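Here's the structure, in structure tokens; my notes come after.
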There are 2 protein chains.
Amino acid sequence: MDKIYIKQLLESEGDEVKLTEKKAAILVAAIEIFAEKGYAATSTSEIAKQAGVAEGTIFRHYASKKELLLAIVKPGIMKLAIPYFASQVVEDVFGQGNNSFEDILREFIYNRIDFAKKNVPMIRIILQEIAFHTEMQQALKSTFLSEVYPKVEELIVDLQQKGHIKSVPIDTTIRFIITTVLGFILHQYIFSTNATFNEEVEVEHVIDLIMDGIQKS
Amino acid sequence: MDKIYIKQLLESEGDEVKLTEKKAAILVAAIEIFAEKGYAATSTSEIAKQAGVAEGTIFRHYASKKELLLAIVKPGIMKLAIPYFASQVVEDVFGQGNNSFEDILREFIYNRIDFAKKNVPMIRIILQEIAFHTEMQQALKSTFLSEVYPKVEELIVDLQQKGHIKSVPIDTTIRFIITTVLGFILHQYIFSTNATFNEEVEVEHVIDLIMDGIQKS
DNA sequence: TAATAAAGTGAGTAATCACTCACATTGTTA
DNA sequence: TAACAATGTGAGTGATTACTCACTTTATTA
């Protein structure tokens, strides 16, 4: 984890973030330790020590330990919730393209796999801490409801009208797809021990199960 | 949450648990506060205060704060991982009965819904803390691998041989079923705000999606 | 009932916590 | 270069932490 990664992670759509060496070091150390031990069990002195910085320097940049957490985690939540965030592929996927849903699903899954691979500690922190911090819950909920849900809803209604997918309630359909993809990704890339597996084959299985279920027809 | 609930929760297969009033009060308070604020952010003095007990009394019964957590959470993990634990329905579900897989799945889902409804704080604690405590991870892993996995594997192999379900790898199939059911239950009963919904209808949708996927055939 | 064990108490303790602040260093602008 | 602002420092602070222990109360057994 280096300074450039941190910059990219914390920047959301255009607004440049200026980082001194020490500030970047604090963020790197905080992400690492928060992910490993959890926010509540991490002391600011430990972060300072690992960052090679005086404890006071942390509070020069962040008013409190919690603000440091939120500075790390809020951009992460946005990029977790919004696939293709600030990417030109958005239109391809959620737009009115003529790709099959299967292709859209495949692209979505690979995109989230890519994100997961590059952001294991960040995802760990979000998973571990979201239960305790309403700010995080609200950030996730509001970005999902404003940026993701409407587009997905549009797509699904469209597919239902065309007769491509079942008329199961939209929320149920979305929850089904998200939990299946999330379950796969968390299991393989976040919780995973080290088990080797054929990524492409496994992704096709996931797609097949979402599209057709387990039943042999 | 009362003393009887606590007793049932902490007893696993036959071994009686003896609880004084104060000890039960400690457990009740600890479950409540751990679920709400998380283990690390909960102080033993707070537990003692809410339980109406001197702080020393906690350490009379539990050698450390962590031992208190594990005393609560270990039986919970077993009962979470093992459906129908210490129940006579086991054979019905995982045995060689002639129920259709759909019926087995339905019974499994309702059983886990029932468990979830009765154990919201316990499930919250497990979800929130399992990332930080290897003892919990190992307890879940070992009970799942020894008590659940073999039976489910047997069932799925059997169904695959009979041609009822696809020959997707067993682990993939199991993960798909568990994440879908878990996603539904966590969303509706653990994270849920208050949204009313028709449970029976929703369960049938979940079963349908697992069996047949989203695609219209 | 007397003796012993178990359960309960709460003041006390050393360690650690997040955070402050007066001061030092470095960077920027006039 | 002089003046000022931004960044960095680390000893210090009061509050809180998990846990201890000498002691009291309650339950059990002889």
Side-chain angles (χ1 to χ4, degrees), chain A residues 3 6-7 10 15-73 125 128-129 132-133 135-136, chain B residues 3 6-7 10 15-73 125 128-129 132-133 135-136:
Chain A
K3 193 179 165 183
I6 293 290
K7 278 197 75 172
L10 301 193
D15 57 301
E16 191 92 12
V17 172
K18 55 179 191 296
L19 288 178
T20 62
E21 289 297 325
K22 303 269 178 182
K23 192 172 178 180
I26 289 167
L27 290 164
V28 170
I31 290 173
E32 200 174 305
I33 308 177
F34 283 159
E36 192 189 311
K37 311 179 47 175
Y39 169 79
T42 300
S43 67
T44 49
S45 73
E46 195 180 357
I47 295 169
K49 196 178 165 189
Q50 183 153 146
V53 150
E55 207 174 339
T57 309
I58 293 175
F59 294 95
R60 170 78 47 208
H61 293 287
Y62 303 97
S64 65
K65 187 184 154 193
K66 180 143 189 176
E67 217 180 67
L68 171 60
L69 201 231
L70 294 178
I72 289 167
V73 116
I125 298 174
Q128 289 161 7
E129 300 304 330
F132 307 123
H133 308 275
E135 303 91 333
M136 289 176 64
Chain B
K3 193 178 162 180
I6 293 290
K7 277 197 73 170
L10 300 194
D15 57 301
E16 191 92 13
V17 173
K18 57 178 191 297
L19 287 180
T20 63
E21 289 298 324
K22 303 270 178 181
K23 191 172 178 180
I26 290 167
L27 289 165
V28 169
I31 290 173
E32 201 174 304
I33 308 177
F34 283 161
E36 194 189 310
K37 311 179 45 175
Y39 169 78
T42 300
S43 67
T44 50
S45 73
E46 194 179 358
I47 295 169
K49 196 178 166 189
Q50 182 152 146
V53 150
E55 207 175 338
T57 309
I58 293 175
F59 294 95
R60 170 79 44 206
H61 293 288
Y62 303 97
S64 66
K65 186 184 153 194
K66 178 141 189 178
E67 217 180 67
L68 170 60
L69 201 232
L70 294 178
I72 289 167
V73 115
I125 297 174
Q128 288 161 7
E129 300 303 330
F132 307 123
H133 308 276
E135 303 91 333
M136 289 176 65

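By convention in this document, chain letters (A, B, ...) are assigned in the order of the sequence lines, proteins followed by strands, and residues within each chain are numbered from 1. The shown structure was predicted, so the numbers you read here are calculated from the model rather than taken from an experiment.
Side chains of B:Lys49 and B:Glu55 form no contact here, defined as non-hydrogen atoms less than 4.5 Å apart. Counting only heavy atoms from C-beta outward, the side chains of B:Tyr62 and B:Thr57 never approach each other to under 4.5 Å. Considering only heavy atoms from C-beta on, B:Leu68 stays 4.5 Å or farther from B:Thr44 through its side chain.
If you take CZ of A:Arg60 and P of C:dT25, they are 15 Å apart, rounded to a whole angstrom. Atoms CD1 (A:Ile47) and P (C:dT16) sit 17 Å apart, rounded to a whole Å. Between the C1' atom of C:dG27 and the NZ atom of A:Lys22 lies a distance of 15 Å, rounded to the nearest Å. As a whole-Å value, the separation of A:Lys23 NZ from C:dG27 P is 17 Å. In this structure, A:Lys49 places its NZ atom 18 Å from C1' of C:dA18, rounding to the nearest Å. Distance B:Tyr62 OH to C:dA7 C1': 13 Å, rounded to the nearest Å.
First and last contacting nucleotides of DNA chain D toward chain A (any atom under 4.0 angstrom from a heavy atom, 5' to 3' order): D:dT7 to D:dG10.
For the residue pair B:Lys22 and B:His61, no side-chain donor N or O sits within less than 3.5 Å of a side-chain acceptor on the partner.
When heavy atoms are screened at a 4.0 angstrom cut-off, A:Thr20 is found touching the sugar-phosphate backbone but no base atom.
For B:His61, a side-chain nitrogen or oxygen approaches OP1 or OP2 of C:dG8 to under 4.0 Å. Between A:Ser43 and the phosphate of C:dC17, there is a side-chain N or O to OP1/OP2 separation shorter than 4.0 Å. Regarding contacts with the backbone of C:dA18, a side-chain N or O of A:Lys65 is found under 4.0 angstrom from either OP1 or OP2.
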Passes side-chain contact (heavy atoms from CB on, under 4.5 Å), B:Arg60 versus B:Lys23? Steps please. CA-CA 10 Å; B:Arg60 170 79 44 206; B:Lys23 191 172 178 180; over 6 Å; no
Apply the test side-chain contact (heavy atoms from CB on, under 4.5 Å) to residues B:Tyr39 and B:Gln128: give CA-CA distance (whole Å), side-chain angles for both, the deciding distance (0.1 Å), then the verdict. CA-CA 9 Å; B:Tyr39 169 78; B:Gln128 288 161 7; over 6 Å; no
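Minimum heavy-atom separation, B:Ile33 to B:Ile47: CD1-CA, 4.0 Å.
Here the side chain of B:Thr42 pairs a donor or acceptor atom with the backbone of B:Gly38 at under 3.5 angstrom. A:Glu67 places a side-chain N or O within donor-acceptor distance of the main-chain N or O of A:Ala63, the cut-off being under 3.5 Å.
When each of A:Thr42 and B:Thr57 is assigned the nucleotide of DNA chain C with its nearest heavy atom, B:Thr57 is the one assigned upstream, toward the 5' end.
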Hey, what are the protein-to-nucleotides 11-13 of chain C N/O distances that come in under 3.5 Å?
none

